[in-house]
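Here is the structure we will look at.
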Amino acid sequence: MSAGSTRPPLTLEAFAPPERQETWRGLGILPRSASYEVMEALHMTTLGGCTDWTALAAQELRAALAYCYSTLFGSSFATEMLFGLPQQRITTVNYGILKADHVNVLMHGHSPVMVEVILEKLRSPEIQQLASAAGAAGIVVGGLCCSGEELLARHGVSTVTNIGGQELVLGTGAVDAVVVDMQCVIPGAKILADCFGTQIITTCKSNRIPGALHVPFDPEEPEQLQADAERVARAAVEAFARRDRSKIHIPQVTTAAQVGWSYENILDTLGGAERIVELLRSGTLKGIATIVGCNTPKVPYEHNHVTLARELIRSDVLLLTTGCCAHALLNDGLCGPDAAGQAGPGLGRLCRQLGIPPVLAVGGCVDNTRTLRLFAEVSRAAGVAVKDLPFMFIGPEPGNEKTVGQGLTFLVHGVSNLVGFPGPIPPAIPRPKPGEPGELERGSNDVIDFLAGTEGVLKLVGAKIYTEPEPRLGAQLVRMHLRRKRLALGWAGQHSMGQ
């Protein structure tokens with residue numbers, strides 16, 4: 001890996017810890033821009049392109065930084081500037097927020113721009129009157145995936161479920177319209193929606209579903225936004241009359257959640273970065289981990305997310321969560337203040353003192369920047385590099401590329417990953433032991449050794465990737481990793497491996 005000379009994104013220079021910037025500069029992985037690094041990766045991996053795996057690995061790390069400081073930081077800051085910072089509040093989530101006698105509209109996707117205006121229209125007197133004229137007692141707005149979590153964080157709009165549950169919520173028969181923008185919309189959504197009279201409305205040019213009502217948001221024609229949002233709101237209400245009421249079955253389950261966590265109010269609530277350092281040093285908190293990512297149908301639905309989270313809060317690990325994983329933990333009640341009773345003695349006592357939950361839902365996928373900024377600020381206050389602190393990234397179910405991309409983002413910052421099933425690292429193939437018939441050695445390959453061994457990224461950036469499909473064993477692995485970091489720092493506080 002050779003050092004590059006082109007200036008990186010200004011967001012990287014402004015927000016990445018100086019120690020990290022020097023590390024990346026020395027490795028030659030400072031990115032130029034997201035578009036440049038993506039095009040370079042496509043070129044390197046095309047037919048007749050790069051065949052040196054070390055160059056491809058370096059480009060992967062470079063692309064992870066471009067993804068972080070061009071895409072994640074840019075998107076997160078833009079939405080905060082446009083729509084404001086999240087505000088803490090107690091709200092209600094889960095399937096039971098749907099009401100049979102109301103118009104039920106779900107917001108799904110990852111871009112809050114049009115969603116914010118649609119919400120405004122649905123709450124307007126004109127659309128409320130339209131719903132009343134259709135025979136509805138009111139309008140319920142619910143959230144799916146990250147657009148839902150944006151509304152949850154900023155407006156307290158109740159969320160229902162994640163990418164893995166979108167068929168389940170359509171199956172309640174109570175959803176009149178699903179407004180989708182970009183990403184994580186299953187291809188068969190329209191087919192299933194037609195079984196229940198649900199209107200699918202697409203609002204992104206790059207996401208199209210045959211047969212759906214298409215009202216695309218065009219950022220080059222912002223003057224159309226108000227009219228288009230009203231058209232979407234009216235179409236959602238008009239679908240109420242077409243609902244097949246014989247098929248309605250709403251699970252009567254609701255969960256309390258404390259939401260609206262931003263980087264700023266996490267610091268304020270916990271007493272500042274210096275106070276967080278003291279909580280870690282004393283052992284009140286054994287570590288801080290972010291547990292994020294999508295669902296995969298290859299494992300029991302949400303089991304890995306919830307099991308890992310419960311195990312870790314019992315071990316006094318403060319958790320931050322985003323994306324589809326956040327939906328699982330929200331619906332399970334782990335993001336509500338009452339969950340303090342499930343936490344270990346140190347974390348539980350802290351949560352009860354502050355009136356907060358042991359799992360903080362910090363938004364959608366792009367809002368992992370809030371966690372990265374928190375790690376960097378705690379590192380600054382401690383005078384200890386991020387790579388040496390008891391932090392961890394956890395992706396229990398890497399269901400698509402984003403979990404891997406986010407994991408690599410934390411990895412290059414010095415935060416080790418625990419990735420569940422299916423792991424992104426190709427499996428090692430055992431080999432016969434020379435001179436020992438019938439005996440096998442572990443086997444390895446260059447990619448495994450680079451990402452998960454002791455001679456690859458661990459030496460280069462101070463972090464590595466662990467893989468463990470069984471969530472309880474995964475939790476044990478996280479505890480062991482955090483304990484090693486604490487022992488190396490000489491920080492007080494016994495770490496109970498059984499809690």
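Numbers here are sequence positions counted from 1.
- Looking only at distances, a side-chain donor or acceptor of R243 sits under 3.5 Å from a matching main-chain atom of A100.
- Looking only at side-chain heavy atoms (C-beta outward), V317 and M392 stay at 4.5 Å or farther from each other.
- Counted by atom type alone, E13 and Q21 present zero donor-acceptor pairs between their side chains at under 3.5 Å.
- Using a 4.0 Å cut-off between charged nitrogen and carboxylate oxygen, E238 and R231 do not count as a salt-bridge pair.
- Between the side chains of N207 and T202, no donor N or O sits under 3.5 Å from an acceptor N or O.
- A pairwise comparison of heavy atoms in L411 and V457 identifies CD2-CG2, 4.3 Å as the closest pair.
- Q59 places a side-chain N or O within 3.5 Å of a backbone atom of E37 that can act as its donor or acceptor partner.
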Side chain to side chain contact (heavy atoms under 4.5 Å, CB included) between V117 and F217: does it pass, once the steps are laid out? CA-CA 11 Å; V117 185; F217 165 63; over 6 Å; no
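- L42 is listed as a side-chain neighbour of V38, based on a closest heavy-atom distance under 4.5 Å.
- In the model, D181 has a side-chain atom that pairs as donor or acceptor with a side-chain atom of S147 under 3.5 Å.
- No donor-acceptor distance shorter than 3.5 angstrom exists from the side chain of R123 to the backbone of Q128, with no hydrogens or angles considered.
- Listed for the S379 side chain is no donor-acceptor partner under 3.5 Å among the backbone atoms of F375.
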May I have the step-by-step check of side chain to side chain contact (heavy atoms under 4.5 Å, CB included) for L320 and I266, ending in yes or no? CA-CA 10 Å; L320 281 66; I266 290 173; 4.0 Å; yes
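- Between the side chain of Q406 and the backbone N or O of V404, no donor-acceptor pair lies under 3.5 Å.
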Please determine whether side chain to side chain contact (heavy atoms under 4.5 Å, CB included) holds for the pair L27 and V461, giving the CA-CA distance in whole Å, both sets of side-chain angles, and the decisive distance to 0.1 Å. CA-CA 9 Å; L27 294 173; V461 300; 3.9 Å; yes
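- In terms of the side-chain hydrogen bond (donor to acceptor under 3.5 Å, both in side chains) criterion, T159 has no residue partners (sequence neighbours excluded).
- Counting heavy atoms from C-beta on, the side chains of Q183 and C365 never come closer than 4.5 Å.
- In this structure, H110 and C184 have side chains that are in contact, with non-hydrogen atoms separated by less than 4.5 Å.
- Side-chain contact check for F391 versus V386: some heavy-atom pair is nearer than 4.5 Å.
- Put simply, CD1 on I90 and CD on Q258 are 4.0 Å apart, with the number rounded to the nearest 0.5 Å.
- L418 approaches T467 most closely through the heavy-atom pair CD1-C, 4.4 Å.
- Residue I191 places its CD1 atom among 12 or fewer non-hydrogen atoms of other residues, nucleotides or ligands, all under 6.0 Å distant.
- Of all non-hydrogen atoms in V103 and A236, the two that sit nearest each other are CG1-O, 3.9 Å.
- Atom CG of L122 sits about 10.5 Å away from atom CG of L130, to the nearest 0.5 Å.
- A distance-only check finds no donor-acceptor pair linking the side chain of T254 to the backbone of I97 [under 3.5 Å].
- Within a 6.0 Å radius of CD in Q129, other residues, nucleotides and ligands contribute 12 heavy atoms or fewer.
- Using modelled atom types and a 3.5 Å distance limit, the side chains of E302 and H327 yield no donor-acceptor pair.
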Derivation of the side chain to side chain contact (heavy atoms under 4.5 Å, CB included) call for H305 and N295: CA-CA 9 Å; H305 298 106; N295 310 108; 3.5 Å; yes
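- T172 places a side-chain N or O within 3.5 Å of a backbone atom of V169 that can act as its donor or acceptor partner.
- A donor-acceptor pair under 3.5 Å links the side-chain atoms of W24 to the main chain of V412, judged by distance alone.
- In this structure, R32 is not positioned above the aromatic face of Y69 in the sense of NZ or CZ being under 6.0 Å from the six-membered ring centre and within 45° of the axis.
- In this structure a side-chain-to-backbone donor-acceptor pair under 3.5 Å is present from T203 to V180.
- A centroid separation of 6.0 Å or more is found between the aromatic rings of F15 and H413.
- Shown here is K247, whose NZ atom has more than 12 heavy atoms of other residues, nucleotides or ligands within 6.0 Å.
- A donor-acceptor contact closer than 3.5 angstrom links the side chains of S76 and D367.
- With values rounded to the nearest 0.5 angstrom, L451 atom CG is found 9.5 Å from N417 atom CG.
- Within the model, atoms CD of Q166 and CG of L106 stand 10.0 Å from one another, a figure rounded to the nearest 0.5 Å.
- Side-chain atoms of E150 and E116, non-hydrogen and from C-beta on, never get closer than 4.5 Å to each other.
- Geometrically, R373 engages Y263 in a cation-pi contact defined by less than 6.0 Å to the ring centre and at most 45° from the axis.
- Enclosure of atom NE2 in H303 by more than 12 non-hydrogen atoms of other residues, nucleotides or ligands within 6.0 angstrom is indicated.
- Using bins of under 30°, 30° to 60° and over 60° for the plane-to-plane angle, the ring pair F73/F77 lands in the perpendicular bin.
- Atom CG of L374 and atom CG of L270 lie 8.0 Å apart (nearest 0.5 Å).
- Closest of all the heavy-atom pairs between A174 and N104 is O-ND2, 2.8 Å.
- Residues L334 and V306 approach most closely at CD1-O, 4.4 Å, considering heavy atoms.
- The distance from the OG1 atom of T409 to the OH atom of Y67 is 6.0 Å, given to the nearest 0.5 Å.
- Under 4.0 Å is where a charged nitrogen must lie from a carboxylate oxygen, and between R62 and E40 no such pair does.
- Closest non-hydrogen pair, F421 versus P469, comes out as CB-CB, 3.7 Å.
- Contact annotation: the side chain of V366 approaches that of L72 to within less than 4.5 Å [non-hydrogen atoms, C-beta and beyond].
- Formation of a donor-acceptor pair under 3.5 Å by the N265 side chain with backbone atoms of G260 is found in this model.
- Under a 4.0 Å N-O distance rule, the pair E230/R234 qualifies as a salt bridge.
- Inter-residue side-chain proximity for Y301 and L168 is flagged as met; some heavy-atom pair is nearer than 4.5 Å.
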